[in-house]
Amino acid sequence: MSKLLTPDEVAAWLKESDNFLIITHKRPDGDTLGSASALAQGLKEQGKTVFLLYNPETTSRYLQFVKQYHAPDDFTPEHIIAVDTATTELFPKNADKYKDSISLCIDHHSSNTLYAEKVCLNAENAACGEIIFDILMTMPGKVSPPTAERLYVALSTDTGCFSFGNTTAYTLYVASQLVYAGAPNKELNKVLFRTKSHGRIGMEGLITSGIEYHFDDKVAIASITRKMMETTGADEDDLDDIAALPGSIEGVCVGITIREMSSPQDCKLSVRTRSPYDAQEICAKFGGGGHKLAAGCTIEKTIPEAKTEVLKALKDIMQS
Ligand SMILES: [Mn+2]
């Protein structure tokens, strides 16, 4: 059984330990990479030896924040720390060998499986970066400009630039402290939230022009084919949060994105709803799951066939 630690207790343990390797999760986002690199920077400033395990899926957007901390091949860690990672299933492949020997896990997912020896968990936090902030604030150097910059990346990306429902007064308090500490918020917001790649713009254009409306325009269905990806040269990164697009249209209560995956007979559906419509209820009809306002499922049919199926399934829900 894991021992649960407060941020103060984590700081005390970090102070008496050394030689850390920090692990981030599969398909790494700004929170896991920002939290890991901020912790590495903060511990380095305390004179510790600390590195990040290279995450092979790190995208160019985040590489600049983490690359200076990557562990050399000959580094032998004494302690492994996982950040923002709810289960060992989410470890990248090269971290698999550490899964039974994690000294400390710092996380904000209520689904955390408590796989680490010590766990610092607060599911009230919008981002894992808030917990890293709490830990570093108890240390002598507190938060330096490079640390603040990385924590700002963590907080802003996990909250959609402080716009998602998970944003709390505490999130905004920490963000303000980070800006005071030197986080370049204007530059980061421009790069992270106000810049779109060519692939992204191309995809948004194609997707938007193909959106279909049903049930008095309360349902919007967007389609993504592999052909569209080829035409625009878009990659996985360019499709980040694309499922939010149909649901962002005025008056739309159920936004559905149907994406053709590895074959034309393999479609992934992402459903976003506004209350009282239940995305989970819709996806459960196809063996999928998720949350009340965001859920997903797989339908082994072509896009037009999947559309027909989902419209049939929506009939009762939309007309009740
Ligand atoms: Mn997170």
Side-chain angles (χ1 to χ4, degrees), residues 2 4-5 7 10 22-42 52-53 55 57-59 61-63 65-66 69 80-92 95 102 104-116 118-137 143 147-175 177-178 183 185 188-189 191-193 236-237 239-241 243-244 270 272 290-291 293-296:
S2 303
L4 294 173
L5 263 55
V10 170
I22 307 175
I23 292 178
T24 51
H25 65 71
K26 242 186 231 174
R27 301 212 44 208
D29 57 14
D31 190 27
T32 196
L33 294 170
S35 291
S37 55
L39 183 60
Q41 177 64 32
L52 306 193
L53 180 70
N55 190 321
E57 292 180 294
T58 308
T59 56
R61 160 177 293 216
Y62 297 122
L63 196 61
F65 302 109
V66 297
Y69 307 104
I80 318 290
I81 303 173
V83 294
D84 194 39
T85 308
T87 82
T88 54
E89 319 253 292
L90 292 171
F91 279 17
I102 306 298
L104 169 69
C105 172
I106 304 168
D107 191 19
H108 70 127
H109 296 99
S110 56
S111 57
N112 192 290
T113 59
L114 307 180
Y115 56 86
K118 293 177 277 297
V119 175
C120 183
L121 179 72
N122 187 346
E124 306 281 299
N125 287 126
C128 184
E130 292 174 36
I131 311 173
I132 305 289
F133 173 83
D134 293 338
I135 294 167
L136 294 178
M137 284 305 279
V143 173
T147 309
E149 178 176 25
R150 285 160 179 80
L151 288 178
Y152 189 91
V153 171
L155 267 67
S156 63
T157 54
D158 250 21
T159 58
C161 204
F162 310 101
S163 74
F164 295 162
N166 61 354
T167 308
T168 65
Y170 190 67
T171 314
L172 296 169
Y173 163 77
V174 173
Q177 295 303 301
L178 296 175
N185 60 312
L188 289 173
N189 289 348
V191 171
L192 298 171
F193 304 102
E236 221 34 64
D237 208 25
L239 290 185
D240 185 42
D241 203 30
S270 301
R272 299 287 182 272
H291 307 276
L293 303 181

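Numbering of ligands and ligand atoms starts at 1, following listing order.
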Side-chain donor-acceptor pair present, Asn55, Tyr62, cut-off under 3.5 Å: no

Residue Asp31 atom name (nearest to the Mn ion (ligand 1); N/O/S): OD2

Considering only N, O or S atoms of Asp84, the one closest to the Mn ion (ligand 1): OD1

Atom name, His108 (N, O or S, nearest to the Mn ion (ligand 1)): NE2

Heteroatom of Asp158 nearest to the Mn ion (ligand 1) (N, O or S, atom name): OD2

Ser35 versus Thr32, side-chain donor and acceptor atoms under 3.5 Å: no

Given Asn122, Asn125, Asp31, the one that forms side-chain hydrogen bond (donor to acceptor under 3.5 Å, both in side chains) with His108: Asp31

His109 and its side-chain hydrogen bond (donor to acceptor under 3.5 Å, both in side chains) partner, picked from Asn112, Thr113, Asp107: Asp107

